[in-house]
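Worksheet: one structure, shown below.
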Amino acid sequence: MTIVLHNTLTRKAEPLQPLREGHIGMYVCGPTVYDDCHIGHLMGPAIFDAVARWFTARGLRVRFVNNITDIDDKIINRSRETGEPWQAITERIIAQYNGWLKMLHVATITDQPRCTQYVAQMVRYVEELVAKGRAYVAADGVYYEVTRQENYGKLSGRRLDEMEAGARIERDAHLHHPADFALWKLAKPGEPSWPSPWGDGRPGWHIECSVMSSELLGGAFDIHGGGDDLKFPHHENEIAQAEAHGDAYASCWMHNGLVQYEGVKVGKSDPRMKDAAFRRQFMADHLIGTYGAPTIRFLLLSGHYRRPIDFGPAAIAAAKTALTRLLKQLGQRCEAPAAVADAAALARLLEPTLPPQADKARAAFCTALDDDINTGAAIAQLFTLASEANKAPEAQRGAILDVCCGLGRVIGLFQPGDLAALSAGSAAGAGDERLGQVMALVLELRQKARANRDFATSDLIRDRLKAAGITVKDGKDGATWE
RNA sequence: GGCGCGAUGGCGGAUCGGCUACGCAGCGGAUUGCAAAUCCGUUUAGCCGGGUUCGACUCCCGGUCGCGCCUCCA
């Protein structure tokens with residue numbers, strides 16, 4: 001077994017070689033908590049949850065750190081605009097964020113450090129950078145000096161002289177170089193602040209990840225993940241700080257593709273975002289409320305993590321249809337409690353003898369995930385397994401579906417309650433008990449009509465209900481509606 | 001201007017030097033009183049021009065187009 005991962009730093013696929021035998025330290029940049037969660041915030045955790053789950057199934061012990069930026073200019077500004085205390089904003093959004101992660105079955109995060117909990121360590125870290133002559137104190141804070149670094153820009157593949165030529169970097173009088181960035185920002189009156197040798201203030205954005213990752217995972221760790229948009233400047237600057245500090249930092253960098261709409265990235269300053277209805281399409285509450293959390297997880301995993309994902313309504317609806325079909329076929333076995341699969345659990349799934357085609361699909365599932373966590377190709381094998389189950393003799397069917405369900409669960413699909421979560425969005429009012437009783441009566445009367453071969457009455461009932469937005473389905477165990 | 005990524009069937013989206021990806025939609029069939037649902041089967045590919053090769057969607061070179069980053073972003 002060898003897991004191969006694409007490393008952004010080397011731009012090559014490399015075999016995963018844990019720094020510490022049997023263990024993986026993984027750090028994934030989390031959100032700045034100043035506003036309601038959108039799908040971009042959830043993408044990283046969901047994707048890297050699948051990564052962590054696969055590592056676990058392959059016998060590795062994963063420490064998965066996902067930080068929270070809970071102090072930042074945006075938070076301060078929001079508080080000023082709304083009057084809500086900044087701590088109240090961050091607490092509220094963190095609770096919301098964790099709620100969504102739970103619904104998406106993100107279960108592998110082991111640490112969720114907050115920036116404000118590590119300010120003392122950050123101050124110490126910055127002091128060391130200043131002492132080493134890699135940072136300098138200016139009028140409004142402490143800055144990292146990029147020109148003192150040999151290979152600044154190696155992650156994103158850019159050079160300082162080229163960047164200087166770029167028209168979009170504005171010269172700031174007190175910076176030694178336009179690419180220098182803040183390690184510590186001195187507070188203006190009324191702003192939240194922490195003490196430091198340079199005066200009260202708050203940490204810069206990039207320093208928190210360098211500090212928290214090394215605090216929790218050590219100065220050298222296995223994997224650093226995040227959205228593709230963080231490659232520069234955020235991750236580049238993390239590397240810069242860590243190297244100046246004397247740390248090896250992350251061996252492998254993984255970047256997930258970003259949210260798109262009709263082929264174009266949906267970003268913070270996208271002109272389309274000015275339209276409230278457009279913006280709403282990407283909010284977590286809208287997506288999860290409309291399509292169900294399992295659909296969103298499924299969609300996120302149905303391609304390759306490095307590719308962007310288009311969140312057009314048609315694509316999401318297709319994902320929902322496909323997932324619903326699988327879940328229905330798998331049935332009750334998805335409702336059993338599911339733990340994150342370890343090596344023993346995966347071994348149990350690989351053990352049963354299956355018909356050749358199903359066996360091939362099962363093997364292909366693992367191969368796909370070993371190959372840079374190709375969840376899309378892996379999911380395709382789940383469909384193949386489901387299809388093979390239908391073709392197989394009755395006696396083998398259950399065994400194939402058990403394997404299919406089990407494998408899906410390895411990447412966090414097919415969890416208890418998923419099918420219900422999918423229908424919850426569409427069947428408005430289904431939870432109404434009185435409506436349920438009325439419907440039971442209506443269907444009973446219709447059944448009587450059908451028994452008498454009075455199809456005119458039977459169809460009248462069905463058509464009228466259809467017009468009212470209720471679909472009647474005759475199954476072999478009686479009719480159902482939704 | 002610099003750096004990087006991509007171009008696959010009606011749509012989304014993988015793999016692979018010769019063998020069905022897969023899903024959605026469509027079509028045909030089974031089932032059904034008729035539908036729905038379900039199941040089975042199935043049509044439609046690989047930007048353009050060169051090259052390597054017995055053979056390329058797959059490798060190499062060139063072009064075209066699209067996208068991302070170079071500023072806040074997950």
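Letters A, B, ... are given to chains in the order of the sequence lines, protein chains preceding strands, and every chain is numbered from 1.
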Cation-pi between A/K320 and A/Y291: NZ/CZ under 6.0 Å from ring centre and within 45° of the ring axis?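 Geometry flag: not set, cation outside 6.0 Å or 45°.
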What is the minimum heavy-atom distance between A/I75 and A/W86, and which atoms define it?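 A/I75 and A/W86 have their closest heavy atoms at CG2-CB, 3.8 Å.
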What about A/D229: does its side chain form a donor-acceptor pair under 3.5 Å with the base of B/G68?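 Flag unset: no donor-acceptor pair detected.
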B/C34 base / A/R462 side chain donor-acceptor hit below 3.5 Å: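 When only heavy-atom distances are counted, A/R462 does reach the base of B/C34 through a donor-acceptor pair under 3.5 Å.
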Determine the Euclidean distance between corresponding [atom1] atoms of [M] and [N]; express it in Å to zero decimal places.
| N | M | atom1 | answer |
| --- | --- | --- | --- |
| B/A7 | B/C59 | P | 10 Å |
| B/C69 | B/C11 | C1' | 28 Å |
| B/A56 | B/C47 | P | 15 Å |
| B/C22 | B/G29 | C1' | 22 Å |
| B/G12 | B/G4 | C1' | 24 Å |
| B/U43 | B/C48 | C1' | 27 Å |
| B/U15 | B/G28 | C1' | 29 Å |
| B/C16 | B/C27 | C1' | 28 Å |

A/L323 vs A/K391, nearer the 5' end of RNA chain B by closest nucleotide: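 Closer to the 5' end of RNA chain B: A/L323.
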With nearest nucleotide decided by heavy atoms, which residue, A/A319 or A/S458, maps closer to the 5′ end of RNA chain B?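 By nearest-heavy-atom nucleotide position, the 5'-most residue is A/A319.
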N/O to N/O distances under 3.5 Å, protein versus nucleotides 14-17 of chain B:
| from | atom 1 | to | atom 2 | distance (Å) |
| --- | --- | --- | --- | --- |
| B/A14 | OP1 | A/H304 | N | 3.1 |
| B/A14 | O3' | A/N374 | ND2 | 3.0 |
| B/U15 | OP1 | A/N374 | ND2 | 3.4 |

Quick check on the 6.0 Å ring-centre criterion: do A/Y27 and A/H224 meet it?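 Yes, the ring centres sit under 6.0 Å apart.
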Ring centroids only, cut at 6.0 angstrom: are A/H206 and A/F181 within range, meaning strictly under it?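 A/H206 vs A/F181: aromatic centres under 6.0 Å.
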From C-beta outward on [X], which listed nucleotide comes closest to its side chain: [options]?
| X | options | answer |
| --- | --- | --- |
| A/H38 | B/G4, B/G2, B/A74 | B/A74 |
| A/K74 | B/U20, B/C22, B/C72 | B/C72 |
| A/H41 | B/A74, B/G68, B/G2 | B/A74 |
| A/A380 | B/A21, B/G23, B/G68 | B/A21 |

Check each of A/L323, A/L419, A/L407 against A/F414 using the side-chain contact (heavy atoms from CB on, under 4.5 Å) test, and report the only one that passes.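 Of the listed options, the one satisfying the test is A/L323.
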Knowing that exactly one of A/L354, A/L382, A/L349 qualifies, which makes a side-chain contact (heavy atoms from CB on, under 4.5 Å) with A/R362?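 Passing option: A/L354.
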Please state whether the phosphate of [N], meaning OP1 or OP2, lies under 4.0 angstrom from any side-chain nitrogen or oxygen of [X].
| X | N | result |
| --- | --- | --- |
| A/N390 | B/C40 | yes |
| A/K231 | B/C73 | no |
| A/R450 | B/U32 | no |
| A/S387 | B/C40 | yes |

Within the 4.5 Å heavy-atom criterion, are [X] and [Y] side-chain neighbours or not?
| X | Y | value |
| --- | --- | --- |
| A/R202 | A/C115 | no |
| A/I94 | A/R114 | yes |
| A/Q357 | A/T384 | no |

A/Y34 vs A/D73, side-chain hydrogen bond (donor to acceptor under 3.5 Å, both in side chains): CA-CA, chis, key distance, verdict: CA-CA 10 Å; A/Y34 71 102; A/D73 291 9; over 6 Å; no
Stem list, RNA chain B (Watson-Crick or G-U pairing under 3.5 Å, at least 3 consecutive pairs):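 When the pairs of RNA chain B are grouped into runs of at least three, the stems are B:1-7 with B:64-70, B:10-12 with B:22-24, B:26-30 with B:38-42, B:47-51 with B:59-63.
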Taking only distance into account, with no hydrogens and no angle test, what donor-acceptor pairs under 3.5 Å do side-chain atoms of residues 252-261 of chain A form with protein atoms, sequence neighbours excluded?
| from | atom 1 | to | atom 2 | distance (Å) |
| --- | --- | --- | --- | --- |
| A/H255 | ND1 | A/T8 | OG1 | 2.8 |
| A/H255 | NE2 | A/H235 | ND1 | 2.8 |
| A/N256 | OD1 | A/G227 | N | 3.4 |

Expressed in angstrom and rounded to an integer, what is the separation of A/R453 atom CZ from B/C34 atom C1'?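 It works out to 11 Å between those atoms.
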